[in-house]
Amino acid sequence: MGAATSRIVKPSVLPGFGPALGYTVFYLSAVVLLPLAAMFVKAAGLGWSSFWETIASPRVVAAYQLTFGASAIAAILNVTFGFVLAWTLVRYSFPGKKLVDAAIDLPFALPTAVSGIALTAVYARNGWVGQFLEPAGFHVAYAPPGIVLALTFIGLPFVVRTLQPALEDLDFEVEEAAASLGATRRQTLVRVIVPAVLPALLTGFALSFARAIGEYGSVVFISGNIPMKTEIVPLLIVTKLENYDYAGATALGASALVISFAILFLINVTQWLAARRHRRT
Amino acid sequence: MSIEVTGISKSFGSFRALDNVTLTVPSGELVALLGPSGSGKTTLLRIIAGLDRADPGSGAILFHDENVAKRDVRTRHVGFVFQHYALFRHMTVFQNVAFGLEVAPRKTRKSVADIRDRVRELLSLVQLEGYADRYPNQLSGGQRQRIALARALAVEPKVLLLDEPFGALDAKVRKELRAWLRRLHDEIHVTSVFVTHDQDEALEVSDQVVVMNEGRIEQVGTPESIFHHPATEFVMRFLGDVNQFHGRVESGRVHLGDVALPGLSVPEGAVDTARIFVRPHDIELDTRRNGQPVVEATVRRVYSAGPVSRVELVMPTGQEMAVTVPHERVEALHLDTGSAVFVKLRRARVFA
Amino acid sequence: MAATVQSRPRKVSIRVDRPAARERRAVRRLLIGVSLAFLATFLFLPLAAIFAEALRGGTKAWIVGLADPAAWSAVKLTLLVASIAVPLNLVFGLAASWAIGKFDFIGRNLLLTLIDLPFAVSPVISGLVYVLLYGAHGWFGPWLQSENIQIIFAVPGIVLATIFVTFPFVAREVIPLMQEQGTEEEEAAITLGASGWQTFRRVTLPNVKWALLYGVILCNARAIGEFGAVSVVSGHIRGRTNTMPLHIEILYNEYNFAAAFAVSSVLALLALVTLAAKAAVERYSLRAPESAPADPILIASNLSEEPAL
């Protein structure tokens with residue numbers, strides 16, 4: 001450890017700080033920071049007008065609208081059902097509960113391409129569920145609902161796993177206090193439980209949303225990929241790359257990344273604010 | 001509003017938390033449920049509140065002669081103060097205290113202005129007027145406890161129930177709050193029951209003490225009667241330090257060693273042996289025999305750091321004995337390790 | 001920053017009977033019903049469909065789908081990629097958690113945030129950035145071409161993209177635990193004469209072994225299953241740059257559903273194994289006495305048994 005590092009690091013008898021930090025920073029830079037920087041430098045090199053031309057083209061705007069819309073619906077579905085799921089898993093006991101709890105992570109463990117073709121198989125016209133939906137005029141596969149379906153699938157664990165610890169942390173006594181003060185169960189839910197887990201709900205929503213707008217594998221099989229109709233942003237990036245439109249892909253990638261980072265930043269601010277205000281002591 | 005508990009039992013699996021408990025809390029009194037952990041005191045309090053249900057088929061809870069068994073905690077109108085306060089941490093102090101008023105059914109709900117006035121009034125009652133906009137995490141433990149109390153009182157409960165109200169506080173704050181709770185009760189006179197495992201707290205604050213052990217009530221009485229006339233061995237042991245000796249019953253008298261102790265009647269059920277209980281301050285020491293039947297002992301150690309001196313004795317039988325006497329007495333008798341002393345039991349209790 | 005699925009072992013929830021903090025029986029049943037119905041339509045049906053489709057033509061067709069040489073080379077490539085990416089990220093995770101978890105330095109939080117970055121990046125973009133760096137039109141493209149080194153549309157690109165998307169997994173699991181455990185035990189070991197390496201190996205590593213294993217399981221699952229990033233950099237050269245997920249895509253687009261689902265069923269089985277392993281680690285780490293602070297005396301006696309390194 002040199003004199004320079006000893007000024008920025010608190011002294012410790014433990015060895016190895018220099019090499020460990022050095023390797024961490026090197027590996028991080030080589031694997032993550034340099035490639036990301038390359039994209040932003042490339043994007044900056046495009047110039048504002050050509051960047052804007054790409055971003056504002058109707059096909060890209062349509063893809064953005066679809067991606068954000070479907071991701072938002074999926075995140076809302078996940079927050080709603082994820083809350084119910086997390087609640088039943090934390091509070092109730094029922095046969096097969098452990099299995100259900102473990103299965104929540106399935107979308108996380110299952111390769112996205114496999115999820116994609118599996119969802120398509122179930123919800124396509126001749127699929128187990130699709131055969132009942134299609135005659136009723138409800139198109140899931142190769143239509144926007146299919147995209148929402150896939151995005152809900154891959155986002156679910158984020159919401160449930162964020163909510164579970166927050167619900168476990170809830171003190172029974174607080175709910176009993178509300179009841180002893182005359183609150184009905186519904187009043188307790190709305191006024192005590194939901195506000196207490198609101199930071200976790202928001203975080204779950206944001207994580208699910210952030211994952212959804214970047215998702216590719218599970219969507220491309222079920223979406224049908226029709227330009228202007230069922231084409232999501234990540235797919236458009238791939239399409240542009242396959243057509244050797246590196247400038248377009250770079251512009252699109254940079255814009256998507258900035259949005260992702262903004263969401264991530266918002267999550268952190270939310271959590272920080274929540275932690276500051278309702279810190280448990 | 002009086003509380004009557006008749007024949008209540010509660011089991012958790014095979015564990016019997018309450019065993020046929022019957023108790024009356026007179027209107028307007030402050031009653032302590034005192035006992036070690038696992039004695040069932042908190043369970044009893046929670047059943048009175050309606051937070052837990054007694055075993056089906058066991059007795060009834062009556063508030064002012066009305067059976068409230070069918071009413072759940074929402075409609076029983078009890079104020080409950082939780083051991084860890086259970087304040088709503090996302091609400092300000094004001095919102096916490098106002099909660100019970102705001103969730104009342106529309107028909108009986110007060111106007112916003114009335115709620116505000118009532119909260120102000122309560123905050124001044126618990127002496128935290130300036131804290132309305134703080135969050136619970138910005139308060140000290142003692143302040144949180146007082147807010148929890150104000151919140152419980154906001155709905156004008158007919159009875160106030162407190163679960164280990166000072167349990168989570170440090171010793172100094174505990175003592176202050178104890179005296180404050182007593183004064184507050186003298187002011188508002190709501191029938192109150194509080195749970196504690198601290199005998200000093202129970203004896204100091206309450207009008208009546210209910211001593212509980214293993215799901216049963218051992219004794220009910222004023223702090224004085226409980227302390228001076230413990231009904232059972234458990235109460236004797238629980239309410240302070242006590243020496244226990246193995247005595248013999250011979251020709252209708254209780255003997256300690258070879259000495260027949262005067263003024264002690266043989267308890268029921270005692271055949272050959274009896275157990276003698278004496279508090280350390282109920283023992284007199286002397287270096288002369290003084291003519292009375294006394295027990296001989298040797299001083300093992302004298303501890304003089306403290307308000308009184310503590311003397312450890314060993315009797316010829318090998319039994320040990322702790323005695324507290326004023327410092328002056330130790331000096332007057334020149335007590336030191338190895339001194340031979342004569343022991344007189346001023347007041348003792350004998351159990352079979 | 002919580003950009004990952006944080007499902008680290010939680011405290012066991014004990015069932016308590018508290019009527020005032022509970023819903024009516026009908027409500028409870030309804031909620032459980034809704035949960036199970038939701039999981040059935042979104043999770044269980046698709047999972048079942050994989051195996052049903054894979055075995056639609058009987059076990060023989062299933063075996064045929066797997067026995068294809070292209071499938072076999074996809075399996076080998078997938079395993080090769082995972083066996084490079086996982087150890088590299090494991091070493092990185094340990095280095096990062098040692099620096100961040102055991103030392104207090106300026107910029108620690110920034111570093112933590114940067115480590116999480118790949119979680120916020122779309123898989124497609126993860127591939128794209130490498131194309132822009134090492135592709136024919138990328139920063140190093142011309143130089144690589146002149147040196148006759150191919151990264152994009154070749155195995156190195158697939159490995160790099162996989163490393164990128166699985167980058168944070170091990171670090172994210174181990175860093176919080178090391179932070180939580182503090183430095184007391186390591187300091188105790190040092191005062192007892194242990195070298196830095198001994199301290200790390202005998203004190204630190206055993207204390208984080210479950211979190212480490214947990215991170216490796218997650219990292220491995222993602223490395224094997226990654227699709228978007230790998231798809232962008234692979235070039236889809238059959239038998240050479242196709243991983244199993246890419247192979248599935250090709251089969252599926254060729255309407256060879258039986259083979260696509262046969263390969264999928266293998267990956268699905270692997271996912272189930274991953275979930276089981278994950279659950280097992282969660283359970284063990286709750287029970288493991290190792291997660292409790294180790295006894296310094298035991299550490300000392302262990303040290304004296306083996307010669308110093």
Side-chain angles (χ1 to χ4, degrees), chain A residues 8-10 12-17 20-21 23-24 27-28 31-32 35-36 38-39 42 81 84-85 88 90 92-94 102-103 105-106 108-114 117-119 121-122 153 157-158 161 165 172 175-176 179 185 203 214 216-217 234 237-238 246 249 253 257 260 264 268, chain C residues 1-2 5-7 10 15 18 20-21 28 31-32 34-35 38 42-43 45-46 49-50 53 92 95-96 98-99 102-106 114 117-118 120 122-125 128-130 132-133 137 139 163-164 167 186-187 190 196 221 225 227-228 245 248-249 252 264 267-268 271 274-275 279:
Chain A
I8 57 156
V9 61
K10 234 186 194 170
S12 165
V13 298
L14 301 184
F17 174 71
L21 184 70
Y23 182 70
T24 302
Y27 190 77
L28 175 74
V31 172
V32 178
L36 287 178
M39 185 176 65
K42 282 260 181 192
F81 289 98
V84 175
L85 258 169
T88 46
V90 170
Y92 306 152
S93 64
F94 52 91
D105 289 322
L106 183 67
F108 202 68
L110 204 61
T112 50
V114 176
I117 66 169
L119 286 169
V122 174
F153 177 87
F158 290 88
R161 295 304 186 214
F172 280 105
E175 289 165 54
E176 290 180 338
R185 198 67 193 136
T203 304
Y216 175 69
I237 296 175
V238 172
Y246 288 102
L257 206 53
S260 297
L264 214 59
N268 278 309
Chain C
M1 179 156 39
V5 175
Q6 300 248 325
S7 55
R10 301 175 305 268
R15 197 179 163 212
R18 303 184 89 151
R28 292 203 306 269
L31 292 180
I32 293 173
V34 167
S35 297
F38 183 81
F42 278 79
L43 257 60
L45 268 186
I50 297 168
E53 293 285 336
F92 161 73
W98 180 257
K102 300 292 180 190
F103 295 90
D104 195 4
F105 58 94
I106 296 165
L114 292 177
L117 273 186
S122 167
V124 167
I125 297 174
L128 170 67
V129 293
Y130 284 106
L132 296 178
L133 202 58
H137 302 272
W139 278 5
I163 290 177
F164 184 99
F167 178 83
E186 282 79 7
E187 284 163 1
I190 298 272
F227 177 71
I248 290 171
E249 185 196 22
Y252 192 82
S264 290
L267 286 179
T274 299
L275 288 186

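Labels below follow one simple rule: chain letters A, B, ... track the order of the sequence lines, proteins then strands, and each chain is numbered from 1.
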Under 30°, 30 to 60°, or over 60°: which ring-plane class applies to A:Phe108 and A:Phe158, parallel, tilted or perpendicular?
perpendicular
For C:Phe227 and A:Tyr216, take the angle between the two ring planes, folded into 0 to 90°, and tell me which bin it lands in: parallel under 30, tilted 30 to 60, perpendicular over 60.
parallel
What heavy-atom pair brings A:Ala249 and C:Leu128 nearest, and what distance separates the two atoms?
O-CD2, 3.6 Å
Residue, of C:Leu132, C:Val129, C:Ile163, C:Leu133, that accumulates the most heavy atom pairs under 4.5 Å with chain A
C:Val129
When only pairs under 4.5 Å are counted, which of C:Pro123, C:Gly196, C:Ala49, C:Ala221 shares the most heavy-atom pairs with chain A?
C:Ala49
Which answer fits C:Ile248, side chain, backbone, both or neither, if we ask what part of it has an atom under 4.5 Å from a heavy atom of chain A?
side chain
Whatever's closer than 4.5 Å to a heavy atom in chain A on C:Phe38 counts as side chain
For A:Ala109 and C:Ala271, which heavy atoms make the closest approach, and how far apart are they?
O-CB, 3.5 Å
Measure A:Ala179 against the heavy atoms of chain C and call it side chain, backbone, both or neither at under 4.5 Å.
side chain
Counting heavy-atom pairs under 4.5 angstrom with chain C, the leader among A:Leu257, A:Ile237, A:Leu106, A:Val238 is A:Leu106
Please state whether the side chain, the backbone, both or neither of A:Thr88 comes within less than 4.5 Å of a heavy atom of chain C.
side chain
OH on A:Tyr92 to OG on C:Ser35, rounded to 0.5 Å:
9.0 Å
Just so I understand: if I count every heavy-atom pair under 4.5 Å between each of A:Pro111, A:Ser260, A:Ala103 and chain C, which residue has the most?
A:Pro111
Could you pull out the closest heavy-atom pair between C:Pro46 and A:Ala118, with the gap in Å?
O-CB, 3.4 Å
Identify which part of C:Phe164 has an atom lying under 4.5 Å from any heavy atom of chain A, answering side chain, backbone, both or neither.
both
Bottom line for C:Leu31: the part with an atom under 4.5 Å from chain A's heavy atoms is both
Determine, using ring centers only, whether C:Phe105 and A:Phe17 are less than 6.0 Å apart.
yes
Checked C:Val34, C:Leu45, C:Ile190 vs chain A; the most non-hydrogen pairs under 4.5 Å come from C:Leu45
Below 4.5 Å from any heavy atom of chain A, which atoms of C:Phe167 appear? Answer side chain, backbone, both or neither.
side chain
Is it the side chain or the backbone of C:Glu53 that comes within 4.5 Å of chain A heavy atoms, both, or neither?
side chain
In terms of heavy-atom pairs under 4.5 Å, which option from A:Leu119, A:Leu36, A:Thr24 contacts chain C the most?
A:Thr24
Could you tell me which portion of C:Leu267 (side chain, backbone, both or neither) has an atom closer than 4.5 angstrom to a non-hydrogen atom of chain A?
both
When only pairs under 4.5 Å are counted, which of A:Val122, A:Leu110, A:Leu28 shares the most heavy-atom pairs with chain C?
A:Leu28
Minimal heavy-atom distance between A:Tyr23 and C:Ala95, with the atoms involved, is CD2-CB, 3.7 Å
One pair to check against side-chain contact (heavy atoms from CB on, under 4.5 Å): C:Tyr130 and A:Val31. What are the steps and the verdict?
CA-CA 9 Å; C:Tyr130 284 106; A:Val31 172; 3.6 Å; yes
Non-hydrogen atoms of A:Pro15 and C:Trp98 that approach each other most closely
O-NE1, 3.0 Å
